[in-house]
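Just below is one structure, and these are the notes that go with it.
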Amino acid sequence: MKTAAKIHRRQFLKMTGISGTGLFLGLTYGLEATGKVVKIAKWHGAEGSVSLTPYIFIESSGQITIMNPRPEMGQGTFQALPGIIADELEISLDNVIIRQTSGEKQFDRQVSGGSRSVRGNYVLLRKVGASAREMLKKAASDKWKVPVEECYAEEGKIFHRPTGRNLSYGELAEAASKLDVPKDPPLKDPKDFKIIGKSAHRPDIKMKIAGKAIFGIDVEVPDMVYASVERSPVFGSKIISFDDSAAKKINGVLQVIKAERVVFGKTHYEGVAVIANNYWSALQGRKALKIDWDHQGFDKFNSNDYENKLRELAKSDGLVVFKQGDFDKAISESTSTIESLYETPMVSHSTMEPMNCVAHWKPDGTVEVWVSSQGPTLIKDELSKVFGIPQDNIKVNIMFNGGGFGRRLQSDYASEAAGISKAIGKPVKVIWTREDDTQLGPFRPMTFSAMKGGLDANGKILAFQHKVVSPSLSASRSATYDQSKPDGSMIEGISEQKYEIPNMKNHYVYAEFQIPISAWRSVTSSTLAFAHECFIDELAVKAKKDPLTFRQEMLTKDSDTKKLFTRLREFSNWDKPLPAGWGRGVAQYEFFAGLCGQVVEVSKQPNGSVRIEKVYAVIDLGTVVNPDNVKAQVEGGIVMGIVAATKDGIRFDKGQAIQTNFHNNRMMRINEMPVVEVDIIADGGPTIKGVGEPGLPPLAPALCNAIYACTGKRVRKLPVDLNKI
Amino acid sequence: MPSINLSINNKQYSFDADPQMPLLWAIRDFAGLKGTKFGCGISQCGACTVHLDGKPIRSCSFPVSAAAGHKITTIEGISANGDHPVQQAWIDMQVPQCGYCQSGQIMSAVALLVNNPKPTDEAINTAMQVNICRCGTYQRIRKAIHRAADIMAAEPKKAFGATIK
Ligand code: FES
Ligand code: FES
């Protein structure tokens, strides 16, 4: 994570492709942490604009453009990041043009992921805005020949305090752009923030309610054709032969070719692409294909056998990944002990916008793509790797993402489209069907957790063990996974919760897996939190203690978690009795993305089903940029958590995913939506925590703990069908 | 291929296409109106919801030939400036996250409010169950529909998009 950016001297660049009288000035930002100096390579900017830092462009008309370096997928970077700059720059976002960056080197790595966009850029972007503001002030003071201390910035203008004179940024931009960039610009006092910390409206929402936001699937370029690709739902199948004669008879079908989907830059899957002059024809042509697949034995794979294998593996030790005190001794000395096995399923990302990409491989060997992706940098890396072409030959246009959730950190769908365009010599739009999107992964992996715990005579946890049994995200991604070391992403948070437990020993048992798996919103915390926090509940029950009190008693030292529970207890009215037939459960999880705690209330319905009535969430952030958006993210995390905990998940039979579309890979709908209340702890301080993911992991354990409180049934296997408790 | 004539948002479109092609692709790729989205293709998600003579339909599963002679309204047609009360309410409540499902959500909500100007939560649940939002904006959708009902009640004389017959 970059924490500070050192501003180097500006560079004067004459831009190709920009005509007119405008100057184009750029700065280089060197990243202190890496010692890397990045230069402005190329910017297809507005004509006649000057840049004050690579992020800010000002036209003489006063029009300001701000670059957003993190793709928007619903999480709100389109407002939050430009908003941070705008606040320091003393402008409102209302009339600013916000542009998505396209992987240009001057913006370093541009990836939306890991709940890092705001916390990773907060300091940098404040400095960006503040530098520009100081340069504009200096330009005005030079013009007026007055001390700069007498000048201040407000609403896009610099004012001279004693005389009230003012000049707009548009009038000052050119002069300002010739000045040196202040090394350490003064940052605003947080009490003077006008955007940061306020629930501002997101500028993309106006487009999204009018059907005007352009997603990848909406892009059209001249002479574009369409493609639909038949890929084997059995991972690893090879094409023996295919018959495209019927496909070619479909009106509109132009061509049928072999295609290739490369996952994680290493695994190549074959497919057959039907090219047509409209999408419907391409799809009809695809349905008419006859392909003879050699499944190479991969069609034997099924979830039942694999889960049995994981249960077997749970009996082995694997690798010890964390040790504290003497677990073995403590467990043998415990007054009472329990052991439980928790199981979670694979799930799909199922972004509402299915995977798609428009790609144009041009005659000069360069390639341009228009794509919904979480990272232009990732697309460039991938295309460069797959096709062996330099990054400078790749142009990426990032569109609004119709959901990301980690799926769009992969670039397989972009390189597949680029390969098809290369083969046919035309720009092409490849659209995945929902069936493709559901069945072809990569998926969130399942994790199984073998839990062991012991209580002392006073009902306090003496010994605790979390053993994770699972495939490995690293092994799926890389060709050189070292089994002798634990995969850190598969043991996320299990050794970092703040509970003061004297004796712990955590393990990781690796299970081989051939199906591609990848990060999914909140990664492995989305499953490990379930086991971890439900088992804490089991121990609380065994100790005959209130589950929240039990947790709070394990937090004697000051910590954010301690603070969180104090707040959550009050916020959720924990100590007020619930109506008859209701139950409540609590959980928290702290992991790389941040910290959130939740209380779920459920009720037993006359027909025996369980209904989720209410969810209270407290998220700990330190600093908050847009509180209303934070609440939206937590609400969304809760919904996604409910889907993963209570709906179908992905299961395999005969080598392929059984679930194909939303009828059997069901999503939650509005009638199941509980009332959600979110509270934010933002008491300042230097650390900023993430927003996009922390709201998800506590949901499943808080829900299942509530189900136990309500019905006496302990859920240890997800998904749980709320109609059949 | 036969020629198809469609009236979308009071504009006439004419093109050659497979009569069995779903209306969705005619709207998106032949009329070039990209606000209506593809989500599932099997009437499960509601992303493709448009109005046929004021009634919400799933355009992904509706043959284009059956739409000829009817008035089709898409998200682009409910207001000139994105200021239909439902759209205003959607902004007030900051409903969309990724936004991909929201054209369909709004089309369902507009149709609901035409028939039921003051819907209960129950009525909202029934009408809006056809629309999936993967980002989980349901709570805000519910609040926004109540808000839109209030806005419309305050301006009863104004004819809103979906009421055009
Ligand atoms: S695309 Fe039509 S209902 Fe999903
Ligand atoms: S806002 Fe993203 S699917 Fe609804």
Side-chain angles (χ1 to χ4, degrees), chain A residues 72-76 199 201-202 204-215 217-218 220 226 251-252 278-281 284 350-354 400-405 431 433-435 628-629 632-633 635-640 643 661-663 667-676, chain B residues 1 16-18 20-22 25-26 28-30 32-42 44-45 47 74-76 78-79 81-82 84 86-88 90-92 94-103 106 122 124-126 128-142:
Chain A
E72 171 65 54
M73 52 181 170
Q75 85 284 42
S199 287
H201 279 191
R202 288 168 40 206
D204 48 320
I205 283 183
K206 270 202 187 112
M207 301 180 237
K208 288 174 177 176
I209 53 100
K212 287 191 181 136
I214 302 175
F215 297 86
I217 201 168
D218 302 328
E220 276 184 14
Y226 296 79
N251 237 320
N278 71 87
Y279 176 66
W280 178 247
S281 294
Q284 294 313 102
S350 294
T351 59
M352 274 314 283
E353 179 192 11
F400 282 120
N401 285 216
F405 316 127
I431 304 176
T433 62
R434 177 57 63 191
E435 288 77 9
D628 183 56
N629 186 55
Q633 285 302 297
E635 288 162 23
I638 285 167
V639 171
M640 219 163 162
V643 174
N661 202 324
F662 291 133
H663 66 291
M667 300 292 134
M668 199 186 112
R669 292 169 188 267
I670 195 168
N671 56 311
E672 299 163 289
M673 182 72 200
V675 174
V676 176
Chain B
M1 277 194 250
D16 296 334
D18 173 2
Q20 286 310 306
M21 178 174 76
W25 301 111
R28 286 182 54 83
D29 294 345
F30 289 79
L33 297 164
K34 303 290 194 199
T36 305
K37 302 301 189 207
F38 164 65
C40 69
I42 58 164
Q44 282 287 322
C45 76
T74 69
I75 184 76
E76 291 90 347
I78 59 164
S79 69
N81 306 305
H84 187 284
V86 171
Q87 290 171 308
Q88 288 173 37
W90 246 244
I91 292 174
D92 293 346
Q94 293 284 290
V95 175
Q97 289 188 25
C98 83
Y100 194 80
C101 73
Q102 298 293 341
S103 298
I106 289 170
E122 216 31 60
I124 292 173
N125 283 349
T126 309
M128 301 301 293
Q129 254 182 66
V130 294
N131 293 85
I132 292 174
C133 175
R134 183 59 165 153
C135 297
T137 63
Y138 299 122
Q139 176 160 285
R140 286 167 189 247
I141 288 172
R142 182 174 296 153

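Just so it is clear: chains get the letters A, B, ... in the order the sequence lines come, proteins before strands, and each one is counted from 1.
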Okay, Gln75(A) and chain B: the region with an atom under 4.5 Å from a heavy atom over there is neither
Counting heavy-atom pairs under 4.5 Å with chain B, the top scorer among Pro674(A), Ser199(A), Ser350(A), Ala213(A) is Ser350(A)
Rounding to 0.5 Å, atoms CD1 (Ile670(A)) and OG1 (Thr137(B)) come to a distance of 8.0 Å
Check whether any side-chain heavy atom of Trp25(B) lies under 4.5 Å from a side-chain heavy atom of Asn278(A), and answer yes or no.
no
Just checking, is any N or O donor in the side chain of Asp18(B) or Trp280(A) under 3.5 Å from an acceptor N or O on the other one?
yes
Partners meeting side chain to side chain contact (heavy atoms under 4.5 Å, CB included) with Asn251(A) (sequence neighbours left out)
Met1(B)
Quick one: SG on Cys133(B) to CZ on Arg669(A), what's the gap to the nearest 0.5 Å?
11.5 Å
CE (Met673(A)) and CZ (Arg142(B)) are apart, to the nearest 0.5 Å, by 7.5 Å
Measure distances from Ile124(B) to the heavy atoms of chain A and classify the residue's part below 4.5 Å as side chain, backbone, both or neither.
both
Are any non-hydrogen side-chain atoms of Ile91(B) and Lys206(A) less than 4.5 angstrom apart?
yes
Whatever's closer than 4.5 Å to a heavy atom in chain B on Ile431(A) counts as side chain
Please determine, among Phe30(B), Phe38(B), Trp90(B), the option with the most heavy-atom pairs under 4.5 Å with chain A.
Phe38(B)
If we define contacts as heavy-atom pairs under 4.5 Å, which of Met73(A), His201(A), Glu72(A), Gln633(A) has the most with chain B?
His201(A)
Would you check if Ile205(A) and Gln94(B) make a side-chain contact, meaning some heavy-atom pair closer than 4.5 Å?
yes
Got a sec, which residues hit side-chain hydrogen bond (donor to acceptor under 3.5 Å, both in side chains) with Gln129(B), two or more places apart in sequence or on another chain?
none
Comparing Ala17(B), Pro22(B), Ala26(B), Gly41(B) against chain A, the one with the most heavy-atom pairs below 4.5 Å turns out to be Pro22(B)
Quick check on Met668(A) against chain B: is it the side chain, the backbone, both or neither that has a heavy atom closer than 4.5 Å?
both
Which atoms of Ala632(A) approach chain B - backbone, side chain, both or neither, heavy atom under 4.5 Å
both
Least distance between heavy atoms, Gly39(B) atom then Pro354(A) atom:
O-CG, 4.2 Å
Max heavy-atom pair count under 4.5 Å with chain A, selected residue of Asp92(B), Asp29(B), Asn81(B)
Asp29(B)
Look at Gln139(B), Gln20(B), Gln87(B) and state which one has the largest set of heavy-atom pairs under 4.5 Å with chain A.
Gln139(B)
With rounding to the nearest 0.5 Å, note down the distance linking CZ in Arg134(B) to CE in Met640(A).
4.0 Å
Per-residue contact mode, Val675(A) against chain B (heavy atom under 4.5 angstrom):
both
Starting from the C-alpha separation in whole Å, work towards a yes-or-no answer on side-chain contact (heavy atoms from CB on, under 4.5 Å) for Met352(A) and Cys45(B).
CA-CA 9 Å; Met352(A) 274 314 283; Cys45(B) 76; 3.9 Å; yes
pair Ile75(B)-Lys212(A): side-chain heavy atoms closer than 4.5 Å:
no
Which heavy atom of Gly403(A) sits nearest to which heavy atom of Cys98(B), and what is that distance?
N-CB, 3.3 Å
At a heavy-atom separation under 4.5 Å, does Val86(B) approach chain A through its side chain, its backbone, both, or neither?
neither
When only pairs under 4.5 Å are counted, which of Asp628(A), Asn629(A), Val639(A) shares the most heavy-atom pairs with chain B?
Asp628(A)
Top residue by heavy-atom pair count (under 4.5 Å) with chain A, among Thr36(B), Ile141(B), Ile106(B), Ile42(B)?
Ile42(B)
Please answer whether the main-chain N or O of Phe215(A) pairs with a side-chain N or O of Tyr100(B) as donor and acceptor at a distance below 3.5 Å.
no
Whatever's closer than 4.5 Å to a heavy atom in chain B on Phe400(A) counts as neither
Quick check: do Asp218(A) and Lys37(B) have side-chain heavy atoms less than 4.5 Å from each other?
yes
What part of Glu672(A) gets closer than 4.5 Å to chain B, counting heavy atoms only: side chain, backbone, both or neither?
neither
Do the non-hydrogen side-chain atoms of Gln97(B) and Lys208(A) ever get within less than 4.5 Å of each other?
no
Is any side-chain heavy atom of Ile209(A) closer than 4.5 Å to one of Pro96(B)?
yes
